[in-house]
There are 2 protein chains.
Amino acid sequence: MLKITKRVEYALIAIRHLQENQDVLVSVSDISTAYGIPKEILAKTLQKLASSNIVKSYKGPTGGYKATKKIAKTTLNDFFEILEGPTAIMDCYFQDGCDHLNSCNIRTPINKINDSIRNLFNNLTLADISQ
Amino acid sequence: MLKITKRVEYALIAIRHLQENQDVLVSVSDISTAYGIPKEILAKTLQKLASSNIVKSYKGPTGGYKATKKIAKTTLNDFFEILEGPTAIMDCYFQDGCDHLNSCNIRTPINKINDSIRNLFNNLTLADISQ
DNA sequence: ATTATATACGATTATATTTGTCGTATATAG
DNA sequence: CTATATACGACAAATATAATCGTATATAAT
Ligand code: FES
Ligand code: FES
């Protein structure tokens, strides 16, 4: 439990690779072959990051991706939520209803744990974890 | 991603129920029917907690479980690890080898994120999240 | 002693989630 | 015009989680 997904893992790899190669445009294939990541998944992952301006995309031959200045300022929470949606250890944290309709006795603990995690991730940037 | 399991959820419910009924022995069936939790799963979950002395078990008819004083002092990290094993957002945090044999460029970030989470969970007790 | 009821524990099945693949459309450099 | 790149949705495979089943053991009550 409490695992990150491959998508997040691949996104981290890609971002770090782009940061280390800021002078050139890097294609999905480049990263895919360099790290042994399935091309299509990596493509879709980078598309999500591009739509949030974490990276910039360029179409056509000689096209590819570039790192943006926004990366360093992005919090872990934003990064995770762009890729995987709301950060929540249980769905009830964001949903209206509770999973134990009649007699839920864990709302408080669940919320406290979740608040702690979100607070942690909101105060850590991608720059922080790269050093 | 970053979800807790039902086992942990059930364990939290059970622990809080036991704490609110410290004067009596509570059986698995009692908790199971009160919160709509599958009996066998709850049973095995409580067995794990019992073997770590988080709760105390009593066999035979009129038997059941009781909360122990250890609960309040138990950290979230210990609680999670009793039920689900090592807290790690990626398996490579504890394993010897790395998932990207040749060219891993995310060891540092993965470790930093994981250290942060473990630090958070090591400094939060079950008592902290219950208030 | 016998019975009923509780915990203890391993093996198996069902379900849900995650991961990966496939097919098609669009943009653009050469 | 063509080759190569991103963009995007639908589907299939693989994996992890959740739940069930079967059996053993302890013990209170009769
Ligand atoms: S189960 Fe989340 S609030 Fe009740
Ligand atoms: S993938 Fe975890 S250290 Fe390389």
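Residue numbering restarts at 1 for every chain, and letters A, B, ... go by the order of the sequence lines. The shown structure was predicted, so the numbers you read here are calculated from the model rather than taken from an experiment. Only heavy atoms go into these numbers, but all of them, side chains included; no hydrogens, no water, no symmetry mates.
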Derivation of the side-chain contact (heavy atoms from CB on, under 4.5 Å) call for A:Lys112 and B:Gln131
CA-CA 9 Å; A:Lys112 291 223 175 184; B:Gln131 291 155 0; 4.3 Å; yes

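- Between the NZ atom of B:Lys39 and the CG atom of B:Asp30 there is a distance of 10.0 Å, given to the nearest 0.5 Å.
- Among the nucleotides D:dA28, D:dC21, C:dT19, the one closest to any side-chain atom of B:Thr62 is D:dA28.
- A heavy atom closer than 4.0 Å to some atom of DNA chain C occurs in no member of residues 51-58 of chain A.
- Of the candidates D:dA19, C:dA8, C:dA27, C:dA27 carries the atom nearest the A:Lys59 side chain, counting heavy atoms from C-beta on.
- Each of B:Pro38 and A:Val28 lies near DNA chain D, and the nucleotide nearest A:Val28 is the one positioned closer to the 5' end.
- Among the nucleotides C:dT19, C:dC9, D:dA19, the one closest to the side chain of B:Gln47 is C:dC9.
- A donor-acceptor pair shorter than 3.5 Å cannot be found between the side chains of A:Ser116 and A:Asn119.
- In this structure, of D:dA26, D:dC21, C:dA6, it is D:dC21 that holds the atom nearest to the side chain of B:Glu40.
- Across all strands shown, D:dT30 pairs with C:dA1; the Watson-Crick or G-U wobble distances both stay below 3.5 Å.
- Remark: P of D:dA7 and NZ of A:Lys39 are 14 Å apart, rounded to the nearest angstrom.
- Residues that satisfy the side-chain contact (heavy atoms from CB on, under 4.5 Å) test with A:Glu81, not counting sequence neighbours, are A:Asn77, A:Pro86, A:Thr87, A:Arg118.
- B:Lys48 contributes a side-chain N or O that, together with a main-chain N or O of B:Leu83, makes up a donor-acceptor pair within less than 3.5 Å.
- Listed for the A:Thr75 side chain is no donor-acceptor partner under 3.5 Å among the backbone atoms of A:Asn123.
- Taking atom NZ of A:Lys48 as the reference point, atom C1' of D:dC8 lies 12 Å away to the nearest angstrom.
- Judged by distance alone, with hydrogens and angles left aside, the side-chain atoms of A:Lys3 form no donor-acceptor pair with the main-chain N or O of B:Leu2 at under 3.5 Å.
- Between A:Ala50 and A:Lys3, the residue anchored nearer the 5' end of DNA chain D, judged by the nucleotide with its closest heavy atom, is A:Ala50.
- Residues A:Pro61 and B:Ser27 each lie close to DNA chain C; by heavy-atom proximity, the contact nearer the 5' end of the strand is made by B:Ser27.
- Proximity of A:Tyr65 to the phosphate of D:dA5: no side-chain N or O atom is located under 4.0 Å from OP1 or OP2.
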Under-3.5 Å N/O pairs linking protein and nucleotides 10-16 of chain D:
residue	atom	partner	partner atom	Å
D:dA10	N6	A:Lys44	NZ	2.8

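- Checking side-chain atoms of A:Ser52 against main-chain N and O of A:Leu49 turns up no donor-acceptor pair under 3.5 Å.
- Rounded to whole Å, atom C1' of D:dT17 lies 14 Å from atom CG of B:Leu83.
- For the pair B:Met1/A:Val8, a side-chain contact is recorded, criterion being any heavy-atom separation below 4.5 Å from C-beta on.
- Remark: C1' of D:dA19 and OH of B:Tyr35 are 21 Å apart, rounded to the nearest angstrom.
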